[in-house]
Amino acid sequence: MMTPRPERISRADVLSAALELIDADGLDQLTMRRLGTALGADPMTAYRHFAGKSDLADALADEFWTGLSLPSASGVPDWRAYAHELMRAIRAELAAHSGLIPIVATHPITSPAALAVADEAIGILLDLGAPVDPALGDLVNVLVMITVASAMGEFSAPAGSESTAAETAEGEHEDTEAALLSQLPHLGRIIAAGWAPSAERQFEAGIGAILHGWPFPLPPTS
């Protein structure tokens with residue numbers, strides 16, 4: 001009786017296993033050998049699809065962007081509101097896979113598939129009235145940079161820690177920060193006036209301020 005041929009492990013299988021390992025243990029703990037073990041295969045299996053960890057990270061970043069579900073434009077009043085919704089969607093996806101944040105933050109969008117998603121998003125903004133202007137490209141890039149940085153600060157584990165994600169509940173962390181700030185002479189005055197740290201509120205306010213304050217050239221006068 002012939003021994004069944006082992007099922008071939010695909011590129012998608014390797015990426016899925018890598019994402020699970022990163023979600024569980026963080027990027028620093030990902031090795032090609034551990035990846036082979038997670039796949040129940042030879043340690044060299046991942047090398048059939050990726051040259052090494054750097055190549056794998058490129059593919060994971062690409063997978064993040066190509067897998068991003070763009071928000072619906074239905075009922076959205078204008079392009080700025082849609083851009084805000086888009087940044088919320090990116091932030092939520094990063095929160096769901098906090099181990100990916102350092103990869104997404106350091107790997108630019110370069111593949112044709114990922115660029116097609118970016119192009120679709122720009123197309124929606126233009127359809128909703130965004131100006132066809134070089135400033136729009138800069139604006140969108142800055143919004144993504146701020147969104148990724150915000151997610152890294154809120155959802156990633158602190159550098160040097162052994163945990164894979166921020167373990168302290170957001171409210172508990174912010175209450176502790178507020179208590180410390182209230183004891184300081186100047187920041188304490190702002191706390192007494194009613195301010196309290198909130199990562200989500202600050203993200204929302206920051207994105208809104210950038211969107212509504214971004215300088216676009218004035219249209220020519222007739």
Side-chain angles (χ1 to χ4, degrees), residues 4-71 86-121 140-170 172-173 199-200 203:
R5 180 176 294 179
E7 185 177 346
R8 182 174 178 81
I9 293 173
S10 68
R11 183 178 186 275
D13 293 332
V14 177
L15 286 173
S16 178
L19 181 57
E20 288 185 12
L21 284 173
I22 290 172
D23 280 343
D25 301 319
L27 177 61
D28 290 344
Q29 298 303 313
L30 176 65
T31 65
M32 301 301 268
R33 181 173 292 276
R34 285 194 68 191
L35 191 50
T37 300
L39 290 163
D42 182 273
M44 301 301 288
T45 298
Y47 286 104
R48 295 176 188 150
H49 298 284
F50 301 100
K53 187 174 176 179
S54 177
D55 190 29
L56 178 60
D58 286 339
L60 285 166
D62 183 64
E63 190 83 354
F64 173 85
W65 292 113
T66 56
L68 182 69
S69 295
L70 297 180
L86 178 59
M87 294 310 116
R88 291 186 185 112
I90 293 172
R91 181 171 177 266
E93 191 65 21
L94 290 169
H97 299 288
S98 59
L100 271 183
I101 296 176
I103 295 177
V104 173
T106 54
H107 290 74
I109 301 175
T110 56
S111 79
L115 286 170
V117 175
D119 186 68
E120 182 181 354
V140 172
N141 279 344
V142 167
L143 289 174
V144 172
M145 288 165 52
I146 295 298
T147 299
V148 174
S150 171
M152 181 174 287
E154 186 175 358
F155 306 120
S156 291
S161 70
E162 295 182 0
S163 59
T164 58
E167 293 180 346
T168 304
E170 179 182 339
E172 181 182 343
H173 171 78
E200 183 173 0
F203 164 78

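Along the sequence shown, the residues carry numbers beginning at 1.
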With His97 as reference, evaluate Ile22, Ile103, Val104, Asp23 under the side chain to side chain contact (heavy atoms under 4.5 Å, CB included) test and give the passing residue.
Asp23
State which residues pass side chain to side chain donor-acceptor pair (under 3.5 Å) with Ser10; sequence neighbours excluded, sorted by chain then number.
Asp13
Which pair of non-hydrogen atoms, one from Lys53 and one from Leu30, has the smallest distance, and what is that distance?
NZ-O, 3.0 Å
Under 3.5 Å donor-acceptor pairs involving side-chain atoms of residues 39-48, not counting sequence neighbours:
unit_1	atom_1	unit_2	atom_2	d
Asp42	OD1	Met44	N	2.7
Thr45	OG1	Asp42	N	3.3
Thr45	OG1	Asp42	O	2.7

So the side chain to side chain donor-acceptor pair (under 3.5 Å) pairs with at least one residue in residues 55-69 (sequence neighbours excluded) are Asp58-His107, Asp62-Ser111
Arg34: what forms a salt bridge (Lys or Arg N to Asp or Glu O under 4.0 Å) with it, not counting sequence neighbours?
Asp25
Residue pair Leu68 / Glu93: nearest heavy atoms and the distance that separates them:
CD1-CB, 4.2 Å
Rounded at 0.5 Å granularity, tell me how far CZ in Arg88 sits from CZ in Phe203.
7.0 Å
Verdict with reasoning, Leu35 to Leu56, per side-chain contact (heavy atoms from CB on, under 4.5 Å)
CA-CA 11 Å; Leu35 191 50; Leu56 178 60; 3.6 Å; yes
Could you pull out the closest heavy-atom pair between Arg11 and His49, with the gap in Å?
N-CE1, 3.4 Å
Which donor-acceptor pairs under 3.5 Å do the side chains of residues 143-151 make with protein atoms, sequence neighbours left out?
unit_1	atom_1	unit_2	atom_2	d
Thr147	OG1	Leu143	O	2.8

The reported gap from CG in Leu19 to CZ in Phe64 (rounded to nearest 0.5 angstrom) is 10.5 Å
Reported CG-to-OG distance for the pair Leu27 and Ser98, which is rounded to 0.5 angstrom
11.5 Å
Report the C-alpha separation of Leu94 and Ile90 in whole Å, then their side-chain angles, then the decisive distance to 0.1 Å, and conclude whether the side-chain contact (heavy atoms from CB on, under 4.5 Å) test is met.
CA-CA 6 Å; Leu94 290 169; Ile90 293 172; 4.0 Å; yes
Side chain to side chain donor-acceptor pair (under 3.5 Å) with Thr37: which residues, sequence neighbours excluded?
none
